Undergrad: 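Structure provided below as structure tokens; questions to follow.
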Protein chains: 4
Amino acid sequence: MPREVRERQMLDAAVQVFARRGYRPASMDEIAELAGASKPLVYLYLNSKEELFSACVRREADALVRAVRDAVDPDSPAERRLWDGLRGFFAHTAAHPDGWAVLHCQARTHGEPFALEVAAVRQKLVDIVTHLIAETAAEGSCGAPLAGHEASGLANALVGAAEALAGWSNARTDEAPSATERARTLMNFAWAGLENLTNGRRWAPARP
Amino acid sequence: MPREVRERQMLDAAVQVFARRGYRPASMDEIAELAGASKPLVYLYLNSKEELFSACVRREADALVRAVRDAVDPDSPAERRLWDGLRGFFAHTAAHPDGWAVLHCQARTHGEPFALEVAAVRQKLVDIVTHLIAETAAEGSCGAPLAGHEASGLANALVGAAEALAGWSNARTDEAPSATERARTLMNFAWAGLENLTNGRRWAPARP
Amino acid sequence: MPREVRERQMLDAAVQVFARRGYRPASMDEIAELAGASKPLVYLYLNSKEELFSACVRREADALVRAVRDAVDPDSPAERRLWDGLRGFFAHTAAHPDGWAVLHCQARTHGEPFALEVAAVRQKLVDIVTHLIAETAAEGSCGAPLAGHEASGLANALVGAAEALAGWSNARTDEAPSATERARTLMNFAWAGLENLTNGRRWAPARP
Amino acid sequence: MPREVRERQMLDAAVQVFARRGYRPASMDEIAELAGASKPLVYLYLNSKEELFSACVRREADALVRAVRDAVDPDSPAERRLWDGLRGFFAHTAAHPDGWAVLHCQARTHGEPFALEVAAVRQKLVDIVTHLIAETAAEGSCGAPLAGHEASGLANALVGAAEALAGWSNARTDEAPSATERARTLMNFAWAGLENLTNGRRWAPARP
DNA sequence: TATGAATGAGCCTTCATTCAT
DNA sequence: GATGAATGAAGGCTCATTCAT
């Protein structure tokens, strides 16, 4: 069996085991067995548990970013791009729950090397959204323009909301909502606020 | 030294170690040493690593829920309650980063027993928000009432956004925003959308 | 069982196993079993295979140097001191063949950390002999005094001869010579030459 | 590439790796790579790690014995033969430090199969010297002839001294002495004693 | 109450060795 | 003749956990 195929099988198995068990409890034995190969072969191809995990993270992260990018037509208006991007995001995370679990639940909690890698990927998503928000704001008749870190904060909140929604929806066993439904929920939740900011309307606590 | 005090020291140490190392890499040796007690004593009081972790999760989760509840005056209007609750949430998570890390980063990633417990706690927060949203919707002249799962989805998204914002803000080393600023960002982000829903206005994709 | 006792048992077992098998093939399992303890206990007390080996080397080396030093009366003349030192050396190496094997055969061949340690110990012996030779030379009516490196070379040769004799004698199964016999052989072999040097007589190849 | 050449390359590589790493840490991978061949080929030609090591030992040992034999003219007097043999020995060990390291440092420390083989080779050298000593003794007007084991002991001591001197000289980084200088040091050290024995003069401890 | 002493079990990793081509 | 692909076996090390005192 050619190396390329074997390697993909190994990564598939690893993603699955890492997602289900977590990094530490995942044993190389289990991964190798699930991949249908012997442990030394796994080491021959992927060198160590750490590198194996890294490879999983990179693969899943790249796939996610690509899925979101591919879902968006860069020439459509901001609202549409957000809507398409979210659908792409939810569709991909729903289709690859293990990969998503590795990124969202495991990689962020296990030491510098992985956390940094995942943070970098997450940042790509946040950047996409940040640009989108900034651009939306610029389009509008915005009185006071958004400060950079304000846009970042909003983007983080939006991505966080999406992540939470993805996690929650994936975890549901009873009639999980479709990717489109998830995206609609989030647009309902977030778009009005963004639009307000676009027009310079900020929320402020009512003076008692 | 009275048992109560010792036990709290142990939990303090455990929360710290679990937060910094993660569940598996955290060793009972390190926890015992940090707590200034011998290992058998830790076992005498807390039975096992699993139960110790559970106890940490319960304690931190209860503290967080209490902090949010205490920040809210149940007689104030919904908007105010959300604003106050968020400030309480952000203030507490900023003040207890280790506890928050245990809840948010560690507990959810480690197998059935803990994940369920954490999920249960998170659900308390989500429930608070769900009620708040549902009630808000009921107050308004809402044409079509929110379906239950729709409110849940929104609440999850809101809590997710708050969690993401908390994590992101805690991680910032340069001038992290204050709890109030965090809360304002989130209100800006979320309140307009909730208000729209209150009034029966839903977002829908533009028909091209 | 008190720690001190256990630790000595472990070192005894380790010396034996290292001597018989060599450093790498020696397994911690075998050492632990021979010591009558479990493997984790060996690690608790001695940290790692490397440190365990180091501890063996140090203990055996110190014992050997002490045995030689104790055998010699510093106030006796050089000839006597050499004779006594050699007897002490052969007696000790014959009484502790495993320790001697660890020093002579194993430690020198296994990487920097050990080799350096053993080299240091061997140097102590060589130094003793070097001083003795230099002093002998000084006493005599020596025409041309010995250069420093010449004395070192001689001392190394003498120690090497002793080591070889120890190894060879220990390996003999048929009537191995006593320590005194070994020492006499070496004195026969070496003393005349040293005495010659003392008196400025050097060997030179016959001009053909 | 003809088998003979390949095989020599493999042995060259093996000697180098065994000398630098030691028997166990030396990996067949490294040897194969250094030899510029694939691992299965190494196995095809040399069957196993053990046999490969044996082959190295045999080759290096034969070369050393041959070097010593070739350096000696069997018709010259004993003194001259010893002098020539030593020069041959030191010249060869200095010219082939890896081979010498395999013989002296590695082979003796690794279990029955190798140790025996090396011991056999060493015995060849010792035998040469033993004969030489015995013959020297016979030539002289020796009162009491040397007992066989006495000659063996002396020969072992002499070879040991030579080995130690070779190791020490090879290890020196500052102006290592030439082979001739090494040989002279050893003759200075040993010849007078042998000559004495030749003439029936034995060393004996001074009666106090 | 409190602890020094001790261990069974398991995991990552490596290596000599062999097929199928 | 030569090799990419593959593995059984074993070793170092760590950890949660428990007695005996």
Side-chain angles (χ1 to χ4, degrees), chain A residues 1-7 21 23-33 35-53, chain B residues 1-3 6 23-32 36-53, chain C residues 1-7 21 23-33 35-53, chain D residues 1-3 6 23-32 36-53:
Chain A
M1 182 177 308
R3 171 166 182 157
E4 220 174 345
V5 177
R6 261 282 153 77
E7 221 169 298
R21 300 239 188 275
Y23 178 69
R24 284 285 286 250
S27 91
M28 295 297 275
D29 282 275
E30 187 178 354
I31 292 171
E33 192 184 15
S38 71
K39 218 171 10 162
L41 201 57
V42 178
Y43 276 89
L44 186 64
Y45 287 170
L46 289 141
N47 299 320
S48 74
K49 193 182 189 182
E50 201 164 317
E51 280 190 43
L52 172 56
F53 189 65
Chain B
M1 184 176 308
R3 168 161 184 161
R6 261 280 157 78
Y23 177 68
R24 284 287 284 246
S27 86
M28 295 297 274
D29 283 274
E30 189 178 354
I31 292 171
S38 73
K39 235 183 336 175
L41 200 56
V42 177
Y43 276 88
L44 187 64
Y45 285 171
L46 289 139
N47 298 318
S48 75
K49 192 183 188 182
E50 206 165 311
E51 283 190 40
L52 172 56
F53 189 67
Chain C
M1 183 177 308
R3 172 164 181 158
E4 221 174 343
V5 177
R6 261 281 153 77
E7 221 170 297
R21 300 239 188 275
Y23 178 69
R24 284 286 286 248
S27 90
M28 295 297 273
D29 283 275
E30 187 178 355
I31 292 171
E33 194 184 12
S38 71
K39 216 173 12 164
L41 200 57
V42 177
Y43 277 89
L44 186 63
Y45 286 171
L46 289 141
N47 299 319
S48 73
K49 192 182 188 182
E50 202 164 317
E51 280 190 42
L52 172 56
F53 190 65
Chain D
M1 182 177 307
R3 169 161 181 161
R6 261 280 156 77
Y23 177 68
R24 284 287 285 247
S27 85
M28 295 297 275
D29 282 273
E30 189 178 354
I31 293 171
S38 74
K39 232 182 340 175
L41 201 56
V42 176
Y43 275 88
L44 187 64
Y45 286 171
L46 289 140
N47 299 319
S48 76
K49 192 183 187 182
E50 205 164 313
E51 282 190 40
L52 171 57
F53 189 68

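Letters go in sequence order (proteins before strands), and every chain restarts at 1. Quick caveat, the model's predicted, so the values are computed rather than measured.
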Undergrad: For Val42(C), is there any backbone N or O sitting under 3.5 Å from a side-chain donor or acceptor partner on Arg6(C)?
TA: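 Flag not set: sc Arg6(C) to bb Val42(C) has no pair under 3.5 Å.
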Undergrad: For Ala37(C) and Asn47(A), find the nucleotide of DNA chain E closest to each by heavy atoms; which residue's nucleotide sits nearer the 5' end?
TA: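 Counting from the 5' end, the first nearest nucleotide belongs to Ala37(C).
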Undergrad: Describe the nucleic acid contact of Arg6(C) in one word from base, sugar-phosphate, nothing, applying a heavy-atom distance below 4.0 Å.
TA: sugar-phosphate
Undergrad: Can you work out whether Arg3(D) or Gly36(A) has the more 5'-proximal nearest nucleotide on DNA chain F?
TA: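 Nearest nucleotide further toward 5': that of Arg3(D).
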Undergrad: Could you list, one pair per line, each protein nitrogen or oxygen that sits under 3.5 Å from a nitrogen or oxygen of nucleotides 8-11 of chain F, together with the distance?
TA:
none

Undergrad: Identify the heavy atoms of Ser38(C) and Ala32(C) that sit nearest to each other, and give their distance.
TA: C-CB, 4.0 Å
Undergrad: What are the bounds, 5' to 3', of the part of DNA chain E that sits under 4.0 Å from heavy atoms of chain D?
TA: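 That gives a stretch of dA16(E) to dC19(E).
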Undergrad: Which nucleotide in the list dG1(F), dT14(F), dA16(F) gets nearest to the side chain of Leu44(D)?
TA: dG1(F)
Undergrad: So, using salt bridge (charged side-chain N to carboxylate O under 4.0 Å, His left out) as the criterion, who are the partners of Arg24(A) when residues are at least two apart?
TA: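 In terms of salt bridge (charged side-chain N to carboxylate O under 4.0 Å, His left out), with neighbours along the sequence ignored, Arg24(A) is linked to no residue.
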Undergrad: Extract the stems that DNA chain F is part of, considering only consecutive pairing runs of at least three Watson-Crick or G-U wobble pairs, both distances under 3.5 Å.
TA: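 Stem list for DNA chain F: E:2-21 with F:2-21.
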Undergrad: My understanding is that only residues two or more places apart in sequence, or in another chain, count here; which of them pass salt bridge (charged side-chain N to carboxylate O under 4.0 Å, His left out) with Glu30(D)?
TA: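 For Glu30(D) the salt bridge (charged side-chain N to carboxylate O under 4.0 Å, His left out) partners, ignoring immediate neighbours, are Arg21(D).
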Undergrad: Looking only at heavy atoms, which two atoms of Arg3(C) and Leu44(C) are closest? And how far apart?
TA: NH2-O, 4.4 Å
Undergrad: Atom CG of Leu41(C) and atom C1' of dC15(F): how far apart are they, to the nearest Å?
TA: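 Distance check: Leu41(C) CG to dC15(F) C1' gives 14 Å.
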Undergrad: What pairs meet the salt bridge (charged side-chain N to carboxylate O under 4.0 Å, His left out) rule with one or both residues in residues 37-52 of chain C, with sequence neighbours excluded?
TA: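 For residues 37-52 of chain C, and leaving out neighbouring residues, the salt bridge (charged side-chain N to carboxylate O under 4.0 Å, His left out) pairs sorted by first residue read Asp29(C)-Lys39(C).
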Undergrad: Which is more 5' along DNA chain E, the nucleotide nearest Tyr45(B) or the one nearest Glu50(A)? Just name the residue.
TA: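 Final value for this comparison: Tyr45(B).
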